[in-house]
Amino acid sequence: MKKIAVIGTGYVGLVSGTCFADSGNQVTCCDIDQLKINELTKGIMPIYEPGLKELVHKNVRKGTLKFSANISQEIKDAEVILIAVGTPMTSSGKADLTYVKQVAQSIGENLNGYKVIVTKSTVPVGTGKFIESVIREYDNGKHPFDVVSNPEFLREGTAIKDTMNMERAVIGATSEKAFQMIAEIHQPFTANIVKASLETAEIIKYAANAFLATKISFINDIANICERVGADVTKVSAGIGLDSRIGNKFLQAGVGFGGSCFPKDTAALLHISEDCGYDFKLIKAVIETNEGQRVQLVKKLLLALGSLQGKTISVLGLAFKPDTDDIRSSPALDIIPYLTEQGAIVKAYDPIAIVEAKKQIGYQCTYSEDIYETITASDACM
Ligand code: NAD
């Protein structure tokens, strides 16, 4: 049993904190967002994730999980600190480390004995060393600590299952002691531990996401060829996906990848490669193909309907994928404003993401949780 403080209670922090609590650790999930902490303390979830509410309630009742905005105190009380704050994309495509730096500073200011600081957030190569230097600066070198890179691979929509039965844990540690502590808390979830250096662990996360994004852009390029030559991409997908060397996952052609990870992580990897003087042509093409897919869909609509002026278009799906209310970088966020600018009347459907979508898209369209009501009397459905 370890005393764990999770700093950043979003999709990653809340799910992994809850799962570590469920496997027998004493966990406090912390956040600077006092409102989020108040709601969680009342049992209200800030996100939709299948099975999360039940697991949170169970562990709060058991006394293994609590929530706090008093980050300084929780740092002092913990043996292991997980950093799970956001690392959004800056306008240049780099990963923004502002929140990570804030957390490292408050860890440095509150260090009161040996602790293991674990980065779960997706961060560029070299960030572990940067975190180490910030903590040392604010602690004035008074206390021992170790920094570990332990990138997160959960997928929204299946996050609990992915954590409880993780295919592997990647642990990049600076000492054997820290490695053993973090390996121990992963034991209930997986036997596959990849032991690596800090830098290797950091790049594994980007390599994994870039590879999956490459599969998506590859099948979308194949789909675009299929449409021109009269072939069926779904059969091509089945035909190649049954080859175990290829695998059938991430081979569905469509509107391209979105979400809070693939767009920002492919852009960040491109920056990492540029910073070390390498021209990563493949990832540039992956990003370009992906951006083109949204346009492809709109082009098809224009081809079918001509002008969109006064046409009723129903858009099915606002989140970037099923079983989540996360709308970050969702294709719908680009497509709906485009349709309304062209004079279309847009009716949008999503079973769980409407509240989040309204915050971004506002009242440019009408919303419904009933798919049939949405498509009724539409000229086209996307
Ligand atoms: P999120 O935006 O859902 O949550 C981040 C949380 O951190 C927010 O609640 C925010 O209030 C809090 N925060 C920000 N600054 C803070 C501070 N100084 N102190 C305390 N809390 C602070 O983000 P997320 O989707 O959970 O992603 C977190 C990280 O994990 C990112 O680096 C992301 O790339 C990575 N990741 C995400 C996923 C995913 O599916 N969402 C999967 C794997 C990895």
Side-chain angles (χ1 to χ4, degrees), residues 1-88 98-100 102-107 109-112 115-121 150 152 154-164 185 188-189 260 319 323-328 352-359:
M1 193 279 280
K2 294 271 175 295
K3 264 192 121 278
I4 302 176
V6 181
I7 308 189
T9 304
Y11 284 88
V12 166
L14 182 55
V15 170
S16 46
T18 305
C19 292
F20 281 125
D22 200 61
S23 65
N25 298 288
Q26 190 66 46
V27 178
T28 305
C29 286
C30 313
D31 208 284
I32 35 164
D33 184 343
Q34 181 72 57
L35 189 67
K36 190 181 258 192
I37 295 299
N38 293 349
E39 298 274 86
L40 277 163
T41 307
K42 285 189 226 149
I44 302 165
M45 296 304 109
I47 53 168
Y48 174 78
E49 187 59 46
L52 179 65
K53 188 163 83 179
E54 295 74 10
L55 203 63
V56 167
H57 290 180
K58 175 185 157 197
N59 283 284
V60 169
R61 272 198 308 273
K62 255 181 26 187
T64 49
L65 178 65
K66 65 184 178 70
F67 302 98
S68 172
N70 188 347
I71 298 172
S72 311
Q73 189 56 48
E74 297 306 330
I75 291 171
K76 289 188 181 110
D77 291 349
E79 302 167 76
V80 174
I81 299 165
L82 304 186
I83 304 177
V85 294
T87 48
T98 310
Y99 307 121
V100 171
Q102 278 169 3
V103 174
Q105 181 178 333
S106 59
I107 294 172
E109 287 166 350
N110 293 287
L111 210 60
N112 56 353
K115 294 178 202 296
V116 180
I117 323 300
V118 182
T119 316
K120 278 221 154 282
S121 300
N150 172 223
E152 182 55 63
L154 62 76
R155 296 162 297 176
E156 289 174 19
T158 51
I160 306 255
K161 198 172 98 237
D162 290 347
T163 307
M164 296 291 205
I185 61 171
F189 305 139
S260 68
D323 276 329
T324 181
D325 60 352
D326 193 350
I327 54 139
R328 291 178 283 185
I352 42 186
I354 289 175
V355 172
E356 289 305 312
K358 272 186 188 162
K359 292 181 193 164

Taken in chain and number order and not counting sequence neighbours, the residues that satisfy side-chain contact (heavy atoms from CB on, under 4.5 Å) with Phe189 are Cys19, Phe20, Ser23, Met164, Met166
Pairs in or reaching into residues 6-16: which pass salt bridge (charged side-chain N to carboxylate O under 4.0 Å, His left out), with residues at least two apart or in two chains?
none
Once side-chain contact (heavy atoms from CB on, under 4.5 Å) is applied, do any residues pair with Ala69, and if so which ones, sequence neighbours excluded?
Gln34, Ile37
Would Asn38 and Ile44 count as a side chain to side chain contact (heavy atoms under 4.5 Å, CB included) here? Give the steps.
CA-CA 9 Å; Asn38 293 349; Ile44 302 165; over 6 Å; no
Is the shortest heavy-atom distance from the side chain of Ile7 to the side chain of Leu82 under 4.5 Å?
no
So which atom in Ala21 and which in Lys62 form the shortest heavy-atom distance, rounded to 0.1 Å?
O-NZ, 4.2 Å
Start with the C-alpha gap between Val15 and Leu52, add the side-chain angles, then the distance that decides, and say whether side chain to side chain contact (heavy atoms under 4.5 Å, CB included) holds.
CA-CA 7 Å; Val15 170; Leu52 179 65; 4.1 Å; yes
What one should report as the nearest heavy-atom pair of Thr324 and Ala319 is O-CB, 3.3 Å
Over all atoms of both residues, closest heavy-atom pair of Ser121 and Thr87
CB-CG2, 4.0 Å
Test of understanding: with side-chain contact (heavy atoms from CB on, under 4.5 Å), list the residues that count as partners of Ile32, not counting sequence neighbours.
Ile71
Test salt bridge (Lys or Arg N to Asp or Glu O under 4.0 Å) applied to Glu74 - qualifying residues, sequence neighbours left out:
Lys66
Is there side-chain contact between Leu40 and Met45, with heavy atoms separated by less than 4.5 Å?
yes
Would you check if the side chain of Asn110 reaches a backbone N or O of Ser106 as a donor-acceptor pair within less than 3.5 Å?
yes
Is the shortest side-chain heavy-atom distance between Glu49 and Glu156 below 4.5 Å?
yes
Determine whether Ile160 and Leu55 satisfy the following criterion, side chain to side chain contact (heavy atoms under 4.5 Å, CB included), listing intermediate values before the conclusion.
CA-CA 9 Å; Ile160 306 255; Leu55 203 63; 3.9 Å; yes
Where at least one partner belongs to residues 7-18, residue pairs that pass side-chain hydrogen bond (donor to acceptor under 3.5 Å, both in side chains), sequence neighbours excluded
Tyr11-Asp325
Just jot down the salt bridge (Lys or Arg N to Asp or Glu O under 4.0 Å) partners of Lys3, sequence neighbours excluded, or say none.
none
Ring pair (Phe, Tyr, Trp, His ring centres under 6.0 Å) contacts touching residues 33-60 (sequence neighbours left out):
none
When you measure from the side chain of Asn25 to the backbone of Lys2, do you find a donor-acceptor pair of N or O atoms at a distance under 3.5 Å?
yes
Please report the shortest heavy-atom distance between Val12 and Ala84, naming the atom on each side.
CG1-CB, 4.1 Å
So salt bridge (charged side-chain N to carboxylate O under 4.0 Å, His left out) across residues 29-48, not counting sequence neighbours, yields Glu39-Lys42
Contacts of type salt bridge (Lys or Arg N to Asp or Glu O under 4.0 Å), residue Lys115, not counting sequence neighbours:
none
Is there a side-chain contact between Ile117 and Ile83, using heavy atoms and a 4.5 Å cut-off?
yes
Only counting residues at least two apart or in another chain, list the ones meeting ring-ring contact (aromatic ring centres under 6.0 Å, His included) with Phe67.
none
Among Asp162, Asp323, Asp326, which residue satisfies the salt bridge (charged side-chain N to carboxylate O under 4.0 Å, His left out) criterion with Arg155?
Asp162
Salt bridge (Lys or Arg N to Asp or Glu O under 4.0 Å) partners for Lys76, two or more places apart
none
